[in-house]
Amino acid sequence: MGALHPILVLTLTMTALAATISAHNITQMLSGYPEYSEFNSYLTQTKLADDINSRVTITVLALNNGAMSAITSNHPLSVIKNALSLLVLLDYYDPPKLHQISKGTTLTTTLYQTTGKVPGNLGFVNITDLQGGKVGFGSAASGSKLDSSYTKSVKQIPYNISVLEVSSFINAPGLLTAAAPSASDVNITAALEKAGCKTFASLLVANGVIKTYESAVEKGLTIFAPNDEAFKAPGVPDLSKLTNAEIVSLLLYHARAGYTPIGTLKTTKDALPTLATNGAGKYDLTVTTAGDSVTLHTGVDSSRIADTVLDSTPLAIFTVDNVLLPTELFGKSPSPAPAPAPSPTTSPSPAPVASSPGPAKAPSPKAASPPAPPADTPGGAPADAPTHVAQSSTSNNAAGHVKCSALLAVLVTISSTVISSFVLS
Ligand SMILES: *[C@@H]1O[C@H](CO)[C@@H](O)[C@H](O)[C@H]1NC(C)=O
Ligand SMILES: *[C@@H]1O[C@H](CO)[C@@H](O)[C@H](O)[C@H]1NC(C)=O
Ligand SMILES: *[C@@H]1O[C@H](CO)[C@@H](O)[C@H](O)[C@H]1NC(C)=O
Ligand SMILES: *[C@@H]1O[C@H](CO)[C@@H](O)[C@H](O)[C@H]1NC(C)=O
């Protein structure tokens, strides 16, 4: 078997996690300052605090409660998040450095530039050392005013993080007016198609899972969408060999309840449940971070988070390079080793998906189905293997059913073997 031993995987995962433990905690740093309580509270609500904690060599331009009310009183959380992310500079500026800017003016990148699609240089801030010791901040967009200025130093942990107070937020063109679409207005299908995830989008629609996604958005949703290349990759199981219920579980596995932007993923230590998680299976994901790169692990495979399609509270959409294969459906190793392990008497049913939506029965036009899998995928399981899990399936399609059950039987046996070897070692 080519698969890594579970203990090794666990060890590697924990080693990687150790490296992501944050050096500072902005929430704690500001907690002793009641004048920044609003600012601090919004850093938490927008999850920008996680992003700030996952970085070093940064500067946070803090607004006092009065300056905060200018944006919070009449803007949605997504706009507030953009405004605050433009106040997080990805460079370290303490008071002396502010006054030593070469030629007296510079452009610096901000968190706003890193989240989603900010056109041109709108995610950059102009810092200018003005006469009389004053330092002004403005949008880097041409024609912008220096509408904010340095008022005082709050706290520094050299050279990891500096917190400075400024007089007001920085108004970049479109920041407040071109309000990010409210999450309920976002057409998830269209956003996925535009991001190069047409196959995934069509599977969501064909299996009705898009409705589950849409109804989850209001309370927060994070989608990990495999791009079209991912479905063509060698080793991707033949989806036409899965039951409808299994496809639904697979699609639900690619999203989680809750708004989880990249900075929050970076600081995530626990396994993340997904929409597929229920009594019948954990269906969770673990996260590792190396620098700016975030990787999701299923236990069967891993995928880098490739791109941010949308980061707009309460909805985050990312693309991933690989189809995420849950152990509950695809086992630890695809090798169809005949295992004499006792057959499971408890139902290994692939998730009686609670919220299984819509017209799942129709053998949908599997236009999106990827090419047939190579021989080493679970699809290669012998079709006449014992079908001791046949009863657990909800499918009515007898022909596809036997084959699939056989596959499942093998997988279930393999996973229980792996689990027991893990428990015993
Ligand atoms: C600064 O960050 C580094 C890297 O995360 C950390 O090892 C170090 O302890 C931090 N320095 C301080 C003074 O907290
Ligand atoms: C940061 O500090 C706050 C308040 O002290 C605490 O609630 C939170 O759990 C801390 N976050 C981390 C990641 O340690
Ligand atoms: C920053 O803005 C000031 C005032 O608009 C402008 O004179 C200066 O050239 C800008 N700095 C940079 C680096 O673009
Ligand atoms: C969302 O976009 C898809 C694909 O672009 C389109 O077929 C569908 O009608 C749109 N839905 C709504 C509600 O506009």
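Within the 4.5 Å cutoff, the side chain of Ile262 has heavy atoms near those of the Phe318 side chain. Side-chain contact check for Leu63 versus Val166: some heavy-atom pair is nearer than 4.5 Å. In this structure, the side chains of Met68 and Leu84 come closer than 4.5 Å at one or more pairs of heavy atoms. Annotation: side chain of Phe124 is not in contact with side chain of Thr108 (no heavy-atom distance under 4.5 Å). Put simply, the side chain of Ile157 reaches to within 4.5 Å of the side chain of Met29, judged on heavy atoms. Between Ile71 and Leu176 the shortest side-chain heavy-atom distance falls below 4.5 Å. The closest side-chain heavy-atom distance from Asp147 to Ile170 is below 4.5 Å. The shortest side-chain heavy-atom distance between Val56 and His24 falls under the 4.5 Å cut-off.
Between the side chain of Thr110 and the backbone N or O of Gly123, at least one donor-acceptor pair lies under 3.5 Å. Between the side chain of Thr298 and the backbone N or O of Leu325 there is at least one donor-acceptor pair closer than 3.5 Å. A donor-acceptor contact shorter than 3.5 Å is absent between the side chain of Ser149 and the backbone of Gly136. Between the side chain of Asp238 and the backbone N or O of Ser240 there is at least one donor-acceptor pair closer than 3.5 Å. In terms of modelled atom types and a separation under 3.5 Å, the side chain of Ser293 and the main chain of Ala290 share no donor-acceptor contact. Side-chain atoms of Thr46 never come within 3.5 Å of backbone atoms of Lys81 as a donor-acceptor pair (strictly under, hydrogens ignored).
Taking both residues in full, the closest heavy atoms of Asp228 and Lys198 are given as OD1-N, 2.8 Å, listed atom of the first, atom of the second, then distance. Taking both residues in full, the closest heavy atoms of Pro326 and Tyr283 are given as CB-CD2, 3.6 Å, listed atom of the first, atom of the second, then distance. The shortest non-hydrogen separation linking Leu164 to Pro95 is CD2-CD, 4.0 Å. In plain terms, the two heavy atoms of Val323 and Asp301 that are nearest each other are O-OD2, 2.6 Å. Looking at every heavy atom in both residues, Pro261 comes nearest to Asp311 through CB-OD2, 3.7 Å. Of all heavy-atom pairs spanning Thr27 and Asn40, the tightest one is O-ND2, 3.1 Å.
Between the side chains of Asn65 and Ser37, a donor-acceptor pair is found at a separation under 3.5 Å. In summary, the side chains of Asp94 and Ser162 do not present any donor paired with an acceptor at a separation below 3.5 Å, with no hydrogens or angles considered. With no hydrogens or angles considered, no side-chain donor-acceptor pair links Gln156 and Tyr92 at under 3.5 Å. Side chains of Asn126 and Thr128: a donor on one and an acceptor on the other come within 3.5 Å.
Between the CG atom of Leu310 and the OG1 atom of Thr319 there is a distance of 12.0 Å, given to the nearest 0.5 Å. Distance check, rounded to the nearest 0.5 Å: CG of Leu30 to CD1 of Ile52 gives 8.5 Å. Here CZ of Phe231 is found 5.0 Å from CG of Leu203. Values are rounded to the nearest 0.5 Å. To the nearest 0.5 Å, atom OG of residue Ser167 and atom NZ of residue Lys134 are 7.5 Å apart. With rounding to the nearest 0.5 angstrom, the CG atom of Asn25 is 5.0 Å from the CG atom of Asn53. Separating the OG1 atom in Thr222 from the CD1 atom in Ile305 is a distance of 9.0 Å, to the nearest 0.5 Å.
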Yes or no on side-chain contact (heavy atoms from CB on, under 4.5 Å) for Leu204 and His254, after CA distance, side-chain angles and deciding distance? CA-CA 10 Å; Leu204 289 176; His254 285 79; over 6 Å; no
List the steps, then state whether side-chain contact (heavy atoms from CB on, under 4.5 Å) holds for Tyr33 with Val163. CA-CA 12 Å; Tyr33 301 86; Val163 184; over 6 Å; no
Begin from the C-alpha positions of Tyr112 and Leu175 and carry the test side-chain contact (heavy atoms from CB on, under 4.5 Å) through to its verdict. CA-CA 10 Å; Tyr112 186 41; Leu175 182 76; 3.7 Å; yes
Passes salt bridge (Lys or Arg N to Asp or Glu O under 4.0 Å), Asp321 versus Arg304? Steps please. CA-CA 6 Å; Asp321 290 331; Arg304 184 180 70 107; 2.8 Å; yes
Between Leu251 and Val248, is the side-chain contact (heavy atoms from CB on, under 4.5 Å) condition met? List the steps. CA-CA 5 Å; Leu251 296 173; Val248 166; 5.7 Å; no
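The aromatic rings of Phe200 and Tyr213 sit tilted, their planes meeting at an angle between 30° and 60°.
Taking the charged nitrogens against the carboxylate oxygens, Glu229 and Lys232 do have a contact shorter than 4.0 Å, which makes a salt bridge. Taking the charged nitrogens against the carboxylate oxygens, Asp292 and Lys266 do have a contact shorter than 4.0 Å, which makes a salt bridge. Look at Asp51 and Arg55 and you find a salt bridge, because one of the NZ, NE, NH1 or NH2 atoms lies within 4.0 Å of a carboxylate O, short of that distance.
For Lys145, the NZ atom is loosely surrounded, since the number of other residues' heavy atoms within 6.0 Å does not exceed 12.
Considering Leu90, Leu89, Asp91 as possible partners of Thr57, the one that fulfils the side-chain contact (heavy atoms from CB on, under 4.5 Å) test is Asp91. Under the side-chain contact (heavy atoms from CB on, under 4.5 Å) test applied with Val294, the options Val320, Thr288, Val287 reduce to a single match, Val287.
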